[in-house]
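To start, the structure under review is shown below, and the notes come after it.
Here is how names work: the chains are called A, B, and so on, in the same order as the sequence lines, proteins then strands, and each is numbered from 1.
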2 protein chains.
Amino acid sequence: MNSHDTHVGGPDLAALAALLADGTRADFCLALLDGRAWTAIELARHAGVAASTATGHLNLLVGGGLLTQERQGRHRYVRLADPDTAELIEKLASMAPRRADPPRSLPAANRDRALARARTCYDHLAGTLGVAITEAMTDRGMLDWEQGLTLTGDGTAWLAELGIALPPATRRPPVRSCLDWTERRPHLAGAAGAALCRHAFDAGWITRIGTSRAVALTDTGERALTDRLGLAVGTHTPAG
Amino acid sequence: MNSHDTHVGGPDLAALAALLADGTRADFCLALLDGRAWTAIELARHAGVAASTATGHLNLLVGGGLLTQERQGRHRYVRLADPDTAELIEKLASMAPRRADPPRSLPAANRDRALARARTCYDHLAGTLGVAITEAMTDRGMLDWEQGLTLTGDGTAWLAELGIALPPATRRPPVRSCLDWTERRPHLAGAAGAALCRHAFDAGWITRIGTSRAVALTDTGERALTDRLGLAVGTHTPAG
DNA sequence: GCGATCCTTCGGCCTCCACCGAAGTGTCCG
DNA sequence: CGGACACTTCGGTGGAGGCCGAAGGATCGC
């Protein structure tokens, strides 16, 4: 026996980490980081495992509180349990080593380029677009990074103009910085980031590309961002 | 084969999580969360494993970038690699399930009570004391939680009075909230939290209890906190 | 009702890895 | 120089857990 039981009542860090220490479960969580609900079979195919294997993993993840599920007919929908969980996975992803070298196919490369350009990160925007919006907001004095990330009066006003009212001080911070693992630069997350992303979908600024977590900036969106943020977005001619 | 290699170049979340998915390695990291350097044998005894086992674990943790080491004669000192790593472990600890029921010994209970009262959490103060200081600072308008945690002008001035100058905006936020896993309430972390903790040691407000991460509030410290924060600290008569 | 589809349970296989003790190296101290 | 101590390497053991396919529900659409 080793003396793990000396620390009874303390956090069982290993149990939580073990949930994410398997390649397949980690794949599931990274996929779910797009904030949407997936069915068991979608995840299984995505990770390349048998359905029975996926069932086992989902039971563990749901049991461990990382995912929540919802049954609809013969489908089992799962999603990340809450923003806190998404934050944990983001943090792990930002600190984790990269995978081995990329001897990749052309379609895969295209898919990845779309993903790097603009995508959802749980409930907010990431990728080049997410970073660009964040930096434009900073340049216009809507965000302040001096004393931790804060939303200025101008920022609150700008959001209000869009019809976005922030919820009153909950446990969740209104603005939070999230490290982008393709750009390696922070972008806007938290309640305000989520609200802004929701608005971007609702107003038709962005749309999903197929069923992936990648999003495309529409012409409407491009115009809106130019008008409202002075953002010159080169999304149609990727500079990479 | 499963298709983990479809995501070449993406973060290898599982590899990082696997480092923390073992009970012994998790024990090591939680112990190192006191911010100090431990020798291999101290950690081995703490976790109740053989020295050879500890060597293997430390190789993995150092190799994975979670710990840094320093050789001094026949000793191998290890510590957490950086504040980012400490933050990751804190986050995991705050979300992890508690261990099974506590059928504990009296000395262990005393040790835990001292730990709950006041301790270091990597480089800042936690426990009842850490939370109390944070709340007193909030009450006096030095901290603002409205738009994420920020240090107000009053807060900056108060720190300056103590001779604490914050480093100019680095990547590390000056103030950050850290969730306490005994109190379940946030306390002050980040650069300011670290500086305040350092000052508390230097000025003799607190001292280490033996070799643990628990600290005791000195009479000097109690007076200083009463004078400067209006804090009525009941540390000598624990109310629990 | 009848297939098709989604999911689950079960049994068996197989790999991975945490553990220890024994033996060896390097360092400190008397 | 010799003993004590900190650490490392190595081989062997045992348990945990990830994987699959086959078989059995449950649900949908026709």
Side-chain angles (χ1 to χ4, degrees), chain A residues 1-6 12-32 37-64 66-79 211, chain B residues 1-6 12-32 37-64 66-79 211:
Chain A
M1 146 191 144
N2 54 27
S3 69
H4 293 162
D5 46 355
T6 354
D12 194 350
L13 207 150
L16 177 56
L19 288 177
L20 299 166
D22 171 75
T24 302
R25 285 195 297 271
D27 262 8
F28 285 8
C29 290
L30 286 175
L32 289 165
W38 294 50
T39 67
I41 253 199
E42 282 169 345
L43 286 171
R45 275 198 272 264
H46 174 82
V49 295
S52 58
T53 304
T55 292
H57 288 311
L58 291 180
N59 287 344
L60 289 175
L61 290 169
V62 170
L66 292 181
L67 306 185
T68 54
Q69 60 182 340
E70 201 174 328
R71 309 258 174 183
Q72 268 180 31
R74 54 183 166 180
H75 295 286
R76 175 190 204 176
Y77 284 100
V78 293
R79 57 170 71 244
T211 60
Chain B
M1 145 194 146
N2 53 27
S3 69
H4 294 161
D5 48 355
T6 350
D12 194 351
L13 208 150
L16 177 56
L19 287 177
L20 299 166
D22 171 76
T24 302
R25 284 194 298 270
D27 261 8
F28 284 8
C29 291
L30 286 176
L32 289 164
W38 293 51
T39 67
I41 259 203
E42 282 170 346
L43 286 171
R45 274 198 273 265
H46 174 81
V49 295
S52 58
T53 304
T55 293
H57 287 311
L58 291 180
N59 288 344
L60 289 175
L61 290 169
V62 170
L66 292 182
L67 306 185
T68 55
Q69 60 181 337
E70 200 174 330
R71 309 259 175 183
Q72 268 180 33
R74 54 183 167 181
H75 295 286
R76 176 190 204 176
Y77 284 100
V78 293
R79 59 169 71 245
T211 61

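One interatomic measurement links the two molecules: CZ of B/R25 to C1' of C/dC17, which rounds to 9 Å at whole-angstrom precision. Nucleotide D/dA4 holds its P atom 17 Å from the NE2 atom of B/H75, rounded to whole Å. To the nearest angstrom, C1' of D/dA6 lies 14 Å from CD of B/Q69. Between A/N59 atom CG and C/dT9 atom P the separation is 6 Å, expressed in whole Å. When the P atom of D/dT9 is taken as reference, atom CZ of B/R76 falls 9 Å away, rounded to whole Å. The CZ-P distance, from B/F28 to D/dC7, rounds to 11 Å in whole Å. Between the CG atom of B/L58 and the P atom of D/dC7 there is a distance of 9 Å, given to the nearest Å. Atom CG in A/L60 sits roughly 11 Å away from atom P in D/dC19 (whole-Å rounding).
For B/A18, the side-chain contact (heavy atoms from CB on, under 4.5 Å) test picks out A/A21, with sequence neighbours left out.
Put simply, CD on B/Q69 and CG on B/L58 are 8.0 Å apart, with the number rounded to the nearest 0.5 Å. The distance from the OG1 atom of B/T55 to the CG atom of B/L60 is 11.0 Å, given to the nearest 0.5 Å. Annotation: the span from A/H46 atom NE2 to A/L30 atom CG amounts to 7.5 Å, rounded to 0.5 Å.
Within a heavy-atom distance below 4.0 Å of DNA chain C, no residue of residues 12-21 of chain A is found.
Taking 4.5 Å as the limit, every side-chain heavy atom of B/L43 sits out of range of all side-chain heavy atoms of B/V49.
Within the 4.0 Å cut-off from OP1 or OP2 of C/dC7, not a single side-chain nitrogen or oxygen of A/R45 is found. Contact annotation: B/R71 side-chain N/O to C/dT27 OP1/OP2 distance is not under 4.0 Å. A close approach under 4.0 Å does not occur between any side-chain nitrogen or oxygen of B/T24 and OP1 or OP2 of C/dA18. A close approach under 4.0 Å does occur between a side-chain nitrogen or oxygen of A/H57 and OP1 or OP2 of D/dC19.
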For A/V78 and A/L61, run side-chain contact (heavy atoms from CB on, under 4.5 Å): C-alpha distance rounded to whole Å, both residues' side-chain angles, the deciding distance at 0.1 Å, then the answer.
CA-CA 10 Å; A/V78 293; A/L61 290 169; over 6 Å; no
Quick one, B/L32 with B/L66, criterion side-chain contact (heavy atoms from CB on, under 4.5 Å). Give me CA distance, side-chain angles, the key distance, then yes/no.
CA-CA 11 Å; B/L32 289 164; B/L66 292 182; over 6 Å; no
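Of all the heavy atoms in A/A54 and A/F28, the pair that sits closest is CB-CZ, 3.9 Å.
Panel note: side chain A/R25, backbone A/L19; a donor-acceptor pair is recorded below 3.5 Å.
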When every nucleotide of nucleotides 21-30 of chain D is labelled 5' to 3' by its protein contacts under 4.0 Å (heavy atoms), B for base, S for sugar-phosphate only, - for none, what sequence of letters results?
B-----BS--
